[in-house]
Participant: 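Have a look at this one.
Both ligands and their constituent atoms are indexed starting at 1 by order of listing.
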Amino acid sequence: MKIRLFLLTGSLAFFLLSCQPNTSSDMDENKDQAFDEFKNHFIEKLWEIYPDWATYEGYYKYADVLSIPNKESEKKQLGFIQSMRDSLKSFPLLSLKSNNRADLKMIENFLNSTEWEIKKFKQGEWNPAQYNVGGSINRILISEYKPTDGKLRDILNKMENIPTYYATAKSNLKNPTKEHTGLGIQQNEGALTVFGDKLLDSLNQSNLNGEEKKLFKKRMDNAKTAINDYIGFLKKTETENNKKEKGWKDFRIGGELFSQKFEYDIVSEFTAEEMYQKALAHKDDLHQEMIRISHEIWEKHMGQKKKPEKELLMVKELIEKISERHVNRKDFIKAIRTQIPELNAFVKEKDLLYLDPTKPLEVRPTPEYMRGFAGASISSPGPYDKNAPTYYNVTPLDHYDNAGAESYLREYNYYVLQILNIHEAIPGHYAQLVYANKSPSLIKSVLGNGAMVEGWAVYTERMMLEEGYGNHEPEMWLMYNKWNMRVTCNTIIDYGIHVLDWDEDKVMDILLNEAFQEKAEAEGKWKRATVSQVQLCSYFSGFKEIYEFREQLKKEKGEAFKLKDFHEKFLSFGSAPVKYVKKLMN
Ligand code: ZN
Ligand code: ZN
């Protein structure tokens with residue numbers, strides 16, 4: 001009951017906001033022009049301060065710079081925040097056009113969140129995994145922004161300060177957590193591989209002169225020594241802290257920090273606590289729905305077999321049975337490739353969203369350097385390379401033994417595979433990205449909101465099924481509910497662990513018995529929740545907020561509501577937080 005009340009107050013408050021007098025007549029072209037100039041200046045400064053981030057976004061001017069995480073760099077960041085805040089004072093929100101208003105709010109949120117990270121969250125003191133030079137150097141190697149010789153010279157410069165970098169890291173770490181220390185060791189061992197034979201080969205084949213080659217090798221050795229030394233330092237910390245009674249800082253960040261991080265990262269109209277309550281209620285709804293469907297189709301799949309007394313066990317058994325319907329191991333990528341045009345056709349036929357036919361999506365096996373993470377992902381062109389193709393990466397099942405492949409294929413069975421394709425491709429992430437790239441805002445690409453992006457993809461799964469994708473088959477809905485339970489429980493356990501102090505047993509019980517997950521999956525989720533905070537909330541939070549917003553508009557507009565208009569308008573603002581998009585759409 002409490003939740004419904006929250007909902008009501010939420011939408012009422014929203015109404016009042018949207019009834020503000022229309023100020024469009026006061027809008028001033030010059031203000032927007034000046035703001036556009038400010039944004040360019042902001043981004044240019046941002047890249048100067050965060051060179052690695054720039055490299056990841058495809059901006060290579062600072063590819064040869066390694067920023068040392070010391071007090072001086074902190075001071076530089078705080079100075080940047082102050083000067084940007086000062087500049088923002090000359091842009092009152094209402095003097096700008098709607099798209100720029102969202103950009104302004106996003107910049108403000110970024111400044112506040114960065115300041116909070118430096119002054120309050122202080123991850124650099126307790127997260128050893130934060131220090132790693134492997135990623136950005138690997139990024140340089142795999143990018144094609146200049147010929148190899150030039151890239152090697154960038155790396156040569158960048159390597160100079162690696163020993164100082166790791167020495168600073170060691171002195172920053174005051175009270176690491178056990179979990180982040182383990183992750184720091186593992187990921188820096190990964191970083192060592194970047195400085196291996198492959199890099200040496202490309203150095204030997206390059207046209208760098210003898211002096212340069214000599215220096216390169218020396219710096220490479222120094223880098224490896226520094227990384228090894230850092231790993232050794234972390235391992236020693238591990239041994240020592242394990243011996244002590246209270247050696248480790250708890251990885252749980254607690255209620256206050258969690259609520260604040262939720263505000264900065266998710267940017268929702270709801271608090272972390274409210275979202276947690278929504279997720280709990282949604283879990284109950286999903287269970288009711290799954291139980292109802294299971295009673296309906298039990299006999300069809302299980303024949304005369306007796307239903308287990310506990311209803312959740314009945315659901316679990318049925319899910320296991322239905323998961324047997326899956327593609328062959330060797331046809332995995334092919335199955336995905338054939339589904340994309342089918343999804344395209346469905347979206348067109350039902351008039352759900354315009355899909356730009358000039359931006360095709362290419363399904364490919366995940367490149368080697370990206371493997372080891374998700375089984376499927378979207379590689380989108382960055383903000384500096386909008387015309388590059390978009391790839392749907394699917395990791396082939398080569399590295400699995402038979403049992404492993406079977407378990408994976410059961411997880412991504414006939415039904416779930418279709419939902420996955422909706423999520424990753426059409427009309428999920430890929431379609432959203434095409435729209436985001438049309439809205440020409442570097443701010444929204446660079447400071448894009450994860451909850452909006454993931455929320456949209458999760459929203460489209462349900463929307464497609466509601467519109468009749470899968471012919472309203474009860475099996476499809478059952479599997480969808482299980483799939484949706486995953487994101488729902490992501491929010492529940494994230495909040496439960498960090499705020500309510502839940503332990504591994506409690507979390508495993510929920511994931512295995514209430515969310516019907518495989519043991520390996522549940523264990524991986526526990527691990528992920530111990531080294532991240534709030535990120536696991538983004539999927540459900542974004543989904544819930546988009547879905548509720550749509551339902552509210554449907555009610556208000558009645559017959560006049562058109563799904564296609566809603567989707568296109570919603571996506572037209574780029575990857576801005578749902579909270580801002582809602583305001584802009586009113
Ligand atoms: Zn099988
Ligand atoms: Zn996603």
Participant: For K569, check side chain to side chain contact (heavy atoms under 4.5 Å, CB included) against everything at least two apart and list the hits.
Facilitator: F573, M585

Participant: Can K583 be said to sit on top of Y580's aromatic six-ring, NZ or CZ under 6.0 Å from centre and within 45° of the ring axis?
Facilitator: no

Participant: Is any NZ, NE, NH1 or NH2 atom of the basic residue among E466 and R550 found under 4.0 Å from an Asp or Glu carboxylate oxygen of the other?
Facilitator: yes

Participant: In E454, which N, O or S atom comes closest to the Zn ion (ligand 2)?
Facilitator: OE1

Participant: Excluding waters, how many protein N/O/S atoms sit closer than 2.8 Å to the Zn ion (ligand 1)?
Facilitator: 3

Participant: May I have all residue pairs that pass side-chain hydrogen bond (donor to acceptor under 3.5 Å, both in side chains) and include part of residues 508-519, sequence neighbours excluded?
Facilitator: K283-E514, D509-N513, K519-E523

Participant: Would you say the side chains of Q418 and Y469 form a donor-acceptor pair under 3.5 Å?
Facilitator: yes

Participant: Under the salt bridge (Lys or Arg N to Asp or Glu O under 4.0 Å) definition, can you give me all pairs with a residue in residues 401-430, not counting sequence neighbours?
Facilitator: E411-K482, E411-R486

